[in-house]
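Each remark here refers to the structure printed beneath this line.
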Amino acid sequence: MNAPESASPDRRHNPPNDTDETLAQILAELSDRVANGEDVDIETEAKEYGSLGEELKELWGAVMLADALGHDLSKNTFSNTSSKTNPAPVISLELPFEFGDYILLEEVGRGGMGVVYRAKQKSLDRDVAVKMLLRGQFASSADQARFQAEAEAAARIHHPNIVPVYEVGIFEGKNFFSMKYVAGRTLADRLKKGPLSSLQAAEMTSKIAKAIEFAHCQGVLHRDLKPSNILIDEQGEPHVMDFGLAKQVTDDENLTKTGAVLGTPAYMSPEQASGSRGNVSAASDVYSLGTIL
């Protein structure tokens, strides 16, 4: 496998003094490649980065990153293609699609574990967002448990800057939950146009921080705060979403594995990056907020 095009030989074999920043950049690049469906061999990659190789392997966290294997599929209700990088069928619905009390209208997001649709709730005649497991009834028991934990964590938090959950259930064997549909764009998309002013950035971060503080008071850690998990509505208000890696203080520890790196490398705290999940606390979310700022 070739090294990432953005990684020059000088950076690989003569890394700068700021090792942490370099590792974060490398991990972010590798994570993006995995999320785009590429099969990354960490042993080969580590050799390409010289003295950083051993640290890179320690931080990789193959368990969670391997889950981020979303692929574009043909327009079948389910694709039955199975391969090394796509071990189970993945949902790919022909839209619009009737799903219980909902009509799924368009796909608005897809991640390592779930897919989100803009939908119409028939009984209440309102727009909502519906999130389903990416592999539907073929999802592993661990993914189903983690998906249920996400729904439960988000459903217990009622704050104006956190996307609320309306309903959690199973329909025709497919786990789902519905939530408020927020028209707008993510902070990540907004930042593609350039940075916010210092005042705007401070105000935005303050609102997000207060929302996360509220979640912490409910005993919920987010653990994956990043610009792509913050929606900005048409009035410019931020809304925290995607509690897929959320942890309740009383969670069953079997939902994660010792040494697994949970989160997005460029935004995670040192204790998350080292796989020391026992040390992850509210301070870990605060670290991610600082990185976003």
Side-chain angles (χ1 to χ4, degrees), residues 28 31-37 64-75 77-79 86 89-97 99 102-121 126-136 139 143-144 146-151 153-155 157 161-169 171 174-193 208 211 222-234 237-246 262-264 266-267 288 292:
S31 300
D32 288 342
R33 289 165 56 192
V34 172
N36 289 329
M64 287 305 300
L65 294 176
D67 284 342
L69 295 168
H71 299 282
D72 291 330
L73 301 170
S74 60
K75 294 293 184 177
T77 300
F78 284 94
S79 168
N86 186 23
V90 176
I91 287 180
S92 186
L93 302 173
E94 185 75 45
L95 302 176
F97 182 82
F99 182 76
Y102 305 93
I103 301 175
L104 308 183
L105 301 174
E106 65 173 328
E107 183 178 320
V108 295
R110 182 174 289 241
M113 187 174 65
V115 56
V116 180
Y117 298 93
R118 180 176 68 85
K120 176 72 71 175
Q121 186 174 8
R126 64 177 176 181
D127 285 340
V128 297
V130 172
K131 185 168 186 176
M132 303 168 63
L133 272 171
L134 195 64
R135 290 178 168 78
D143 277 352
Q144 292 183 41
R146 196 171 288 122
F147 186 84
Q148 183 69 21
E150 172 184 2
I157 305 171
N161 293 110
I162 293 177
V163 178
V165 168
Y166 294 145
E167 180 184 7
V168 181
F171 180 75
K174 304 178 186 68
N175 296 70
F176 78 93
F177 62 87
S178 64
M179 50 194 163
K180 179 180 180 180
Y181 175 71
V182 179
R185 56 183 173 174
T186 66
L187 178 58
D189 288 335
R190 164 60 184 84
L191 293 176
K192 290 177 182 177
K193 292 189 174 182
I208 299 167
H222 191 286
R223 298 200 298 178
D224 196 22
L225 289 170
K226 56 186 176 182
S228 60
N229 281 343
I230 298 166
L231 277 172
I232 303 175
D233 66 22
E234 294 172 331
E237 287 293 305
H239 301 266
V240 180
M241 62 174 184
D242 200 347
F243 282 75
L245 296 184
L262 300 174
T264 301
Y267 295 92
S288 297
I292 292 170

If the condition is side chain to side chain contact (heavy atoms under 4.5 Å, CB included), which residues does [X] pass it with, not counting sequence neighbours?
| X | result |
| --- | --- |
| Glu234 | Ala183 |
| Ile292 | Leu187, Leu225, Pro227, Ile230, Tyr267 |
| Asp233 | Val182, Gln235, Glu237, His239 |

With Tyr102 via side chain to side chain donor-acceptor pair (under 3.5 Å) - residues at least two apart: Glu167, Ser178

Test ring-ring contact (aromatic ring centres under 6.0 Å, His included) applied to Phe99 - qualifying residues, sequence neighbours left out: Phe171, Phe176

Within a strict 4.5 Å, meaning less than it, do heavy atoms of the [X] and [Y] side chains meet?
| X | Y | value |
| --- | --- | --- |
| Gln121 | Val130 | no |
| Val116 | Met241 | no |
| Val240 | Ile208 | yes |

Closest non-hydrogen atom pair, Leu104 against Ala119: CD2-CB, 3.8 Å

Asn175 side chain to Phe147 backbone, donor-acceptor under 3.5 Å: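 Judged by distance alone, no pair lies under 3.5 Å.
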
Pairs touching residues 176-192 that satisfy salt bridge (charged side-chain N to carboxylate O under 4.0 Å, His left out), sequence neighbours left out: Asp189-Lys192

Tyr117 and its side chain to side chain contact (heavy atoms under 4.5 Å, CB included) partner, picked from Val108, Leu95, Leu105: Leu95

Test: Lys226 and Asp242 ion pair at under 4.0 Å: no

